[in-house]
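A short write-up of the structure that comes next.
Any value given below was found using the heavy atoms of this structure, including those in side chains, with hydrogens, waters and symmetry copies removed. Numbered from 1 within each chain, the chains take letters A, B, ... in sequence-line order.
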Protein chains: 2
Amino acid sequence: MKGIHLLAKHLNVSIGTVSRALNGKPDVNAETRKRVLEAAEELGYVPNQSGRALRKGATGVIGFMMQTGSEITGHGDTFFMSVFDGVQTVFARHKLDLVALLCSSQEDPYDYLRRIVARGFADGLILSSTRRIDHRFDFLAKRKIPFISLGRSLTDVGQPWIDLDFEGMAQASIDRLVAKGHRRIAVTRPHDDTNLGYVFVERCREALANHGLALEEDLIFRSMPSEAGGYQIARAILACEERPTAVVLVNETIAIGLYRGLEEAGVKPGRDIAVIGRHSPHARFLSPSLTSFSLNLRDLGISLAETLLATMPLYAESYPQGPSRRLWPLDFVPGESDAFSPKQQPY
Amino acid sequence: MKGIHLLAKHLNVSIGTVSRALNGKPDVNAETRKRVLEAAEELGYVPNQSGRALRKGATGVIGFMMQTGSEITGHGDTFFMSVFDGVQTVFARHKLDLVALLCSSQEDPYDYLRRIVARGFADGLILSSTRRIDHRFDFLAKRKIPFISLGRSLTDVGQPWIDLDFEGMAQASIDRLVAKGHRRIAVTRPHDDTNLGYVFVERCREALANHGLALEEDLIFRSMPSEAGGYQIARAILACEERPTAVVLVNETIAIGLYRGLEEAGVKPGRDIAVIGRHSPHARFLSPSLTSFSLNLRDLGISLAETLLATMPLYAESYPQGPSRRLWPLDFVPGESDAFSPKQQPY
DNA sequence: ACTACTATCGTAAACGTTTACGGAAGCTAA
DNA sequence: TTAGCTTCCGTAAACGTTTACGATAGTAGT
């Protein structure tokens, strides 16, 4: 005898009563409920996940899908951990658990997702690392699984999303650099078809066009969104016949490798070239300090959680504003790395 | 009609036959099996997780417990992502799925674990961020849940573990620095009761004693295992009446903040003070390059997976070497940051 | 032709919950 | 007293699988 039966026998009541007592149903005597709660605490009883999920058709688990492998996301160390912490503060209120669904680099994300969903693993999903074309969206929409994405995609099935405002960052960065007299501005993007690369580069192109400038194709640098990728970008910049006088970095970690690569050639950010990047715990301690765009990751997590729950019938009433799509603003953080202006001291 | 019943009706066989065919049981006709497999593929059928888990008493899920929040582990995202990738290559062979169980910084890890285990969420667990005293170990042992830990603890219940060889790193670092003439050597440790702090500091103490030196208490720096923590350590070092001539960093990320903090005071690692730390994707691009200790994270993940499976009856036969405890060696990576020797050029 | 065996498959119970339903007891109002 | 209501609780079905068991048919041996 196990689980709820054990508890019921121990209390000399039926399993139905135990279940009702634990689930806060109305038709149970206050005294009985108290006894049940106490006994459950004492015996360390927690309802079996599988039995409950099987009966209720809901697991109480929300999955955050992400990919393993070292150089995939291009986020800094603590990016996801901070976001998760925000997500959980919301989920905890609804007795929901967040788990990270880890798609191996060996497996196709689409296949992985299909498996997870078919198994009925989670009641809702948050997708990250969205691609330009992302079949996961179609699949989830067809199966009517509640989900949102951190990041957009061309594959639009009407689901809510939250994405960082890379357009805003692109616009502000270009405007700022052009105002300082820069004409040859390099931009970076991930090597793969991650969506953010497209929106970022395209907006940079537009912003330059507004100033009568063209984004030159050989100044668009693709790289792994990692420190090593940043190092390669530095080498590529140094190898240019006509070097750019400024560079805008869309990923968090590449600034580290870029700094090193430039400095090895005696080119110092802020003195010999202007650099604008993304804020991160590391970037904060770069020297010279990185002019960058920052965001509150915990708040982002909270917003992700609320947006997802608003799409789920069971929880929607707590979030009357409804599901939405939202560009998350990036805040400008002044630094020393963009101090260089080509007007004053060409290199 | 759903799930296996649908598939069975579609094929005009019984659900028992479908189940047997999909699970590779012997008593099913080869032709029938082929039809079932094809139909399952076509209809995208995957057994429901809850039903299967309920019946089999096993979920096919292995949980890796970790804590969310930004400054907890002192590892980067990339640390765990790389380890996970190794773990999954092994698990994939057994059709096991790895999920990260994310304990919020708001919740007590012990309570969280109890909930997860009681719900029967995972068949096995890998614990990280082990504490000096860690009640999770007792609990899992009492419940006879298969688990291992990445990291040791004083709370020893006989479970297998893999831990990084911080003793070896301490020994080698101290020996190296003393040989270079250093006498005042600072060491770092996490601010909390993470186990690694104890073993690391104690071994440093022993290693110094072997050279007739004492580890001075005011040269043991506690900090968050983060970049910000490293910055604080730099400030503290600079504030010493009699500055240490060398410092050994046990966590990965603190070198970044330390470098910045020192450089702000004109103290350059490698020229004015010797620094030895841990290798990481960032550390690789620090300038001057960090003399450090490194490891192959993917291999560590593979070893973790194999060690866990060896403790699980269902899978143990594939891993005849049995469960074990293992200190994972850290490889010395030469760099420039420990070039300074107090004999030649005191600062 | 009868037995014994094998190959294949259907049936039904079980896993641990939740919940619809109904029943027993107590109370109120006529 | 009795009908009707309320409060509380027990019973049993259902969720989607897996698997022990038994049934059937075919095959081979005597």
B:Asp27 near the nucleic acid: base, sugar-phosphate alone, or nothing, with a heavy-atom cut-off under 4.0 Å?
->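 Result for B:Asp27 = base.
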
N/O donor to acceptor pairs below 3.5 angstrom from side-chain atoms of residues 6-16 of chain A, sequence neighbours left out:
residue	atom	partner	partner atom	Å
A:Ser14	OG	A:Gly16	N	3.4
A:Ser14	OG	A:Thr17	N	3.3
A:Ser14	OG	A:Thr17	OG1	3.2

Those residues that, when tested against A:Tyr112, pass ring pair (Phe, Tyr, Trp, His ring centres under 6.0 Å) (two or more places apart) | none

In terms of side-chain geometry, is the basic nitrogen of A:Asp97 or B:Arg119 positioned less than 4.0 Å from the acidic oxygen of its partner?
-> yes

For every nucleotide of nucleotides 13-18 of chain C, 5' to 3': is a protein heavy atom under 4.0 Å from its base (B), only from its sugar-phosphate (S), or from neither (-)?
-> BBBBBB

Using five pairs at either end of the helix from C:dA1-D:dT30 to C:dA30-D:dT1, determine the angle between the two local helix axes and round it to 10 degrees.
->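 Nearest ten degrees gives 60° for this helix.
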
Say you draw a straight line from [atom1] of [X] to [atom2] of [Y]; how long is it, rounded to the nearest 0.5 Å?
X       : Y        : atom1 : atom2 : result
A:Arg33 : A:Lys25  : CZ    : NZ    : 10.5 Å
B:Met66 : B:Leu150 : CE    : CG    : 10.5 Å
A:Ser50 : A:Arg55  : OG    : CZ    : 15.5 Å

Residue pairs, two or more places apart or on separate chains, that pass ring-ring contact (aromatic ring centres under 6.0 Å, His included) and touch residues 16-64 of chain B | B:Phe64-B:Phe80, B:Phe64-B:Phe84

Spacing of B:Asn29 atom CG relative to C:dT8 atom C1', expressed in whole Å | 7 Å

Would you please name every residue forming a salt bridge (Lys or Arg N to Asp or Glu O under 4.0 Å) with A:Arg52, sequence neighbours left out?
-> none

If you find the nucleotide of DNA chain C closest to B:Asn12 and the one closest to A:Thr17, which residue's nucleotide is nearer the 5' end?
-> B:Asn12

Quick one: is B:Ser14 getting a side-chain N or O under 4.0 Å of the C:dG10 phosphate, OP1 or OP2?
-> yes

